[in-house]
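Written out below as structure tokens is the structure these notes cover.
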4 protein chains.
Amino acid sequence: MEKKPEPRWERRKEARPHELIAAALDLFVEKGFTATRLEDVAARAGVSKGTLYLYFDNKEALFKAVVQEGIVPVIEEGEALLQHYEGPAAELLRLVVHRWWETVGASQLAGVIKLMFSEAQNFPEVAQFHYDQVVLRGKRIFAFVVELGIRQGEFRELPVDHCVRLLLAPLLMLAIWRYSLGVCESEPVDAESYLETYLDLAVGGLAARSGA
Amino acid sequence: MEKKPEPRWERRKEARPHELIAAALDLFVEKGFTATRLEDVAARAGVSKGTLYLYFDNKEALFKAVVQEGIVPVIEEGEALLQHYEGPAAELLRLVVHRWWETVGASQLAGVIKLMFSEAQNFPEVAQFHYDQVVLRGKRIFAFVVELGIRQGEFRELPVDHCVRLLLAPLLMLAIWRYSLGVCESEPVDAESYLETYLDLAVGGLAARSGA
Amino acid sequence: MEKKPEPRWERRKEARPHELIAAALDLFVEKGFTATRLEDVAARAGVSKGTLYLYFDNKEALFKAVVQEGIVPVIEEGEALLQHYEGPAAELLRLVVHRWWETVGASQLAGVIKLMFSEAQNFPEVAQFHYDQVVLRGKRIFAFVVELGIRQGEFRELPVDHCVRLLLAPLLMLAIWRYSLGVCESEPVDAESYLETYLDLAVGGLAARSGA
Amino acid sequence: MEKKPEPRWERRKEARPHELIAAALDLFVEKGFTATRLEDVAARAGVSKGTLYLYFDNKEALFKAVVQEGIVPVIEEGEALLQHYEGPAAELLRLVVHRWWETVGASQLAGVIKLMFSEAQNFPEVAQFHYDQVVLRGKRIFAFVVELGIRQGEFRELPVDHCVRLLLAPLLMLAIWRYSLGVCESEPVDAESYLETYLDLAVGGLAARSGA
DNA sequence: AATGAATGAGGCTTCATTCAT
DNA sequence: AATGAATGAAGCCTCATTCAT
């Protein structure tokens with residue numbers, strides 16, 4: 001019969017930062033940066049207020065860490081898809097979109113995107129970082145697809161930059177929606193079928209008319 | 001020895017609330033609700049902090065007023081377009097989109113939309129109000145167009161709700177973008193040509209294939 | 001029968017800063033800068049915490065104000081004494097010392113001096129300011145007296161800077177003592193007789209020996 | 001396969017407290033008690049924060065230890081000087097002053113004195129202890145000298161307590177100065193010549209006038 | 001004996017709100 | 001109607017202290 005006095009805390013030096021970042025992301029996305037209390041972040045990560053400061057200098061540093069953490073390898077995967085691809089651009093688009101959904105849209109990165117949309121003007125440098133690392137590279141991937149389609153005669157010759165934005169918009173919306181006005185809807189959008197219709201419309205819209 | 005009556009303010013009185021709302025909208029959109037100081041709102045409206053409380057009970061009431069103000073007649077105009085319309089759905093879509101741009105996208109309502117995206121989770125009731133008054137009605141307008149097109153055989157039979165979301169996404173993005181990650185880009189998107197490409201793609205995507 | 005509802009506060013825009021500075025001086029002198037809580041300063045000045053920030057940017061600004069306030073005209077009076085003086089240096093010394101006691105030693109400036117002795121290393125720029133405005137000018141006054149005495153043959157030719165420091169030391173000690181180790185003594189030093197003995201010793205020490 | 005016993009720390013153990021006290025003294029003198037962080041004390045002593053608590057119950061205990069450590073044998077030496085002394089009081093004064101400089105003024109005890117001047121009001125009991133052990137005994141030594149001089153007809157009959165304070169003031173100032181406003185001066189006071197002038201003035205001031 | 005991760009009370013500072021003028 | 005001085009709750013952050021390792 002021994003007492004296990006239930007230690008008040010345990011050491012988690014490596015795990016802590018990630019746990020804190022995850023907690024912070026949740027709350028930043030939900031409430032915004034300013035409206036999020038560090039005490040709540042700490043509580044959600046299961047630590048006390050002070051512990052947070054062992055790993056991050058201040059609230060802004062935590063914010064930056066959240067944004068940086070949310071990027072790491074994702075985009076590279078997308079870029080890898082393009083290497084060596086051969087086949088119709090429409091098919092590549094399908095591949096890219098599904099990959100996007102799996103790695104970004106359905107992941108925590110969606111939260112980071114929502115967060116950046118809300119806070120870009122409050123943190124211009126962080127926004128620029130996110131823009132360069134995520135938005136720009138994402139745009140390049142879609143530009144590659146559009147240009148491939150045009151080159152191969154599948155797609156019409158349309159202004160590429162606009163097409164890219166038009167292709168991205170429904171995806172970004174899907175990602176952001178559930179953290180914002182999506183809360184007003186009783187059930188979430190079904191991503192699966194939404195993306196099917198998206199691809200259908202997009203390919204139809206881009207396609208070179210056979211009869212024309 | 002008489003004091004000049006100093007007609008310094010004469011007018012005002014019922015202009016005040018609107019000026020305060022306009023100032024608040026600017027700052028709420030830029031910084032978010034929590035990060036906006038009422039003192040700054042008052043200063044931007046050219047009054048003192050205390051004056052604000054003559055017109056609004058508190059910060060949240062001001063927020064609600066901002067959201068409500070941004071709605072009033074806009075949607076009705078859109079709905080009016082649909083009445084008595086006869087002609088191709090594609091043409092109606094073009095009408096609606098240009099009207100949307102003029103009354104919403106290019107107006108201060110765009111800011112309200114950005115604001116609601118950011119703050120929806122912090123103000124569920126306000127979000128619901130905005131959703132009902134703006135989003136739902138906006139969706140209905142676009143649903144009307146899509147259904148008209150289907151009915152008239154111009155458009156394919158696609159899931160209407162998804163089509164509506166897909167049609168709205170590029171418009172909402174256009175509205176939101178300049179208040180968020182658009183700050184990272186040296187020059188703003190050219191709405192005119194963006195919308196042209198949008199209509200081109202959308203109609204192309206929706207269109208019933210002649211050959212099919 | 002009317003109720004006078006005992007107003008929660010009244011406006012004191014001009015008086016406030018001085019009251020706050022006086023309160024801060026008391027506490028800074030007693031406890032030191034860091035150990036003094038702004039809430040206590042505010043309470044002693046009869047206001048709330050927030051009011052302090054209407055007049056001072058932060059704790060350090062309050063500290064600087066305390067030091068600056070404690071200087072204003074005092075030294076100038078001392079310097080004025082020297083103008084047009086004619087007579088024995090010993091007599092001038094007596095004048096200066098009594099003046100010093102009245103304007104500095106017995107006033108709140110004594111507290112500022114104690115404060116600077118404690119905090120000089122924490123606030124080098126403020127210390128430098130105090131040094132330039134108070135210490136240096138004080139030293140110059142005493143140097144004037146010593147040099148006058150030497151010039152007139154009353155005093156021996158001793159190193160002036162050392163004499164000045166030696167003359168100042170008992171005065172500064174008197175000023176500081178009551179805010180520091182003086183608290184360990186049941187009754188305060190009697191400044192009057194202390195200064196008499198001081199002058200007696202000082203003049204005796206400086207005097208050119210008649211017989212020598 | 002054996003682990004090398006790694007004799008990294010071997011000694012220490014009873015050296016630790018002294019190192020910690022020395023580190024604490026430095027920082028307490030420089031920044032004051034409240035503004036000194038125990039983590040910095042530990043770092044300066046080359047140990048970790050936790051180690052400090054193996055030797056001292058808390059911050060205040062460390063403070064007390066600093067004050068006590070700074071006293072031990074010093075005063076006794078001074079008192080020993082007086083035993084069996086025969087000769088002129090002026091000469092004894094010179095002896096005492098030089099001894100004081102060597103054992104107190106030039107040593108770390110000077111820092112303790114500065115510290116007590118700053119913190120006396122925050123730690124009345126510690127101040128009382130210091131007062132009893134250092135100030136009072138120091139005063140007694142100087143009182144002995146003055147009284148000896150009077151008894152032997154070398155010195156005038158002046159109020160002894162005042163004389164003692166006046167004799168101590170330049171010495172205490174010398175000790176304190178370099179930790180406070182001395183930082184504003186480009187070069188430190190030359191103690192050697194300062195004390196020569198001090199003795200010169202003091203003896204001259206105390207001396208019974210031959211001609212009188 | 002030593003470490004340093006973890007804690008949480010407490011201080012500085014901000015700002016929504018009130019109210020005397 | 002308008003002002004802005006005053007308030008005080010609340011959030012960020014520090015640091016003395018504890019304790020698992």
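Proteins get letters first, then strands, A, B, ... in listed order; numbering begins at 1 in each.
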Quiz prompt | Side chain of Arg37(A) - closest among dA6(F), dG11(F), dA16(F) | solution = dG11(F)
Quiz item: So among Phe56(C), Phe123(C), Phe129(C), which one has a ring-ring contact (aromatic ring centres under 6.0 Å, His included) with Phe63(C)?
Solution: Phe123(C)
Quiz item: When the distance from NZ of Lys31(B) to P of dC15(E) is rounded to whole Å, what number comes out?
Solution: 10 Å
Exercise. Kindly indicate whether the side chain of Leu38(D), heavy atoms from C-beta on, has any atom under 4.5 Å from the side chain of Leu62(D).
Key: yes
Practice problem: Would you write the dot-bracket representation of DNA chain E, where each base gets (, ), [, ], | or . depending on whether it forms a Watson-Crick or G-U pair under 3.5 Å and with which partner? | Solution: .||||||||||||||||||||
Quiz item: Rounding to a whole Å, what distance do you find between Asp40(D):CG and dG4(E):C1'?
Solution: 15 Å
Quiz item: Rounded to the Å, how far apart are Leu38(D) CG and dA6(E) C1'?
Solution: 17 Å
Exercise. Among Arg44(D), Gln108(D), Lys31(D), find the residue that satisfies the side chain to side chain donor-acceptor pair (under 3.5 Å) test when tested with Asp26(D).
Key: Arg44(D)
Quiz item: Between Tyr55(C) and Thr36(A), which has a closest nucleotide on DNA chain F that is more 5'?
Solution: Tyr55(C)
For nucleotides 7-9 of chain E, list the nitrogen or oxygen atoms of the protein found under 3.5 Å from its nitrogen or oxygen atoms, one pair per line.
from: dT7(E); atom 1: OP2; to: Ser48(A); atom 2: N; distance (Å): 2.9
from: dT7(E); atom 1: OP2; to: Ser48(A); atom 2: OG; distance (Å): 3.2
from: dT7(E); atom 1: OP2; to: Thr51(A); atom 2: OG1; distance (Å): 2.5
from: dT7(E); atom 1: O5'; to: Ser48(A); atom 2: OG; distance (Å): 3.4
from: dA9(E); atom 1: N6; to: Lys49(A); atom 2: NZ; distance (Å): 3.4

Quiz item: Of the nucleotides dT13(E), dC13(F), dT17(E), which one has an atom closest to the side chain of Asn58(B)?
Solution: dT17(E)
Quiz item: For the pair made of CG in Leu62(B) and P in dT17(E), what is the distance, rounded to whole Å?
Solution: 10 Å
Quiz item: Does the side chain of Tyr53(C) get closer than 4.0 angstrom to OP1 or OP2 of dA6(F) through an N or O atom?
Solution: no
Quiz item: Where each residue is assigned the nucleotide of DNA chain E containing its nearest heavy atom, which of Lys59(B) and Glu60(C) is assigned the position nearer the 5′ end?
Solution: Glu60(C)
Exercise. Of all the heavy-atom pairs spanning Ala35(C) and Thr34(D), show the shortest one and how long it is.
Key: CB-OG1, 3.2 Å
Exercise. Taking the six-membered ring of Phe33(A) (Phe, Tyr or Trp), confirm whether the NZ or CZ of Lys59(A) is under 6.0 Å from its centre and within 45° of its axis.
Key: yes
Exercise. Give the rounded distance in Å between these two atoms: CG of Leu20(A) and P of dA5(E).
Key: 14 Å
Quiz item: Looking at Ile21(C) and Ala65(C), what are the two nearest heavy atoms and their distance?
Solution: CD1-CB, 3.8 Å
Self-check item: Spacing of OH belonging to Tyr179(D) relative to CD1 belonging to Ile113(D), to within rounding of 0.5 Å
Solution: 9.5 Å
Practice problem: Determine the contact category for Phe56(B): base if any of its heavy atoms lies under 4.0 Å from a base atom, sugar-phosphate if only primed atoms, P, OP1 or OP2 are that close, otherwise nothing. | Solution: nothing
Quiz item: Would a 4.5 Å heavy-atom cut-off, applied to side chains only, mark Leu52(C) and Val47(C) as touching?
Solution: no
Quiz prompt | Length of the line joining Glu39(C):CD and dG8(F):P, which is rounded to integer Å | solution = 10 Å
Quiz prompt | Pi-cation contact, Phe117(B) with Lys114(A) (under 6.0 Å, within 45°) | solution = no
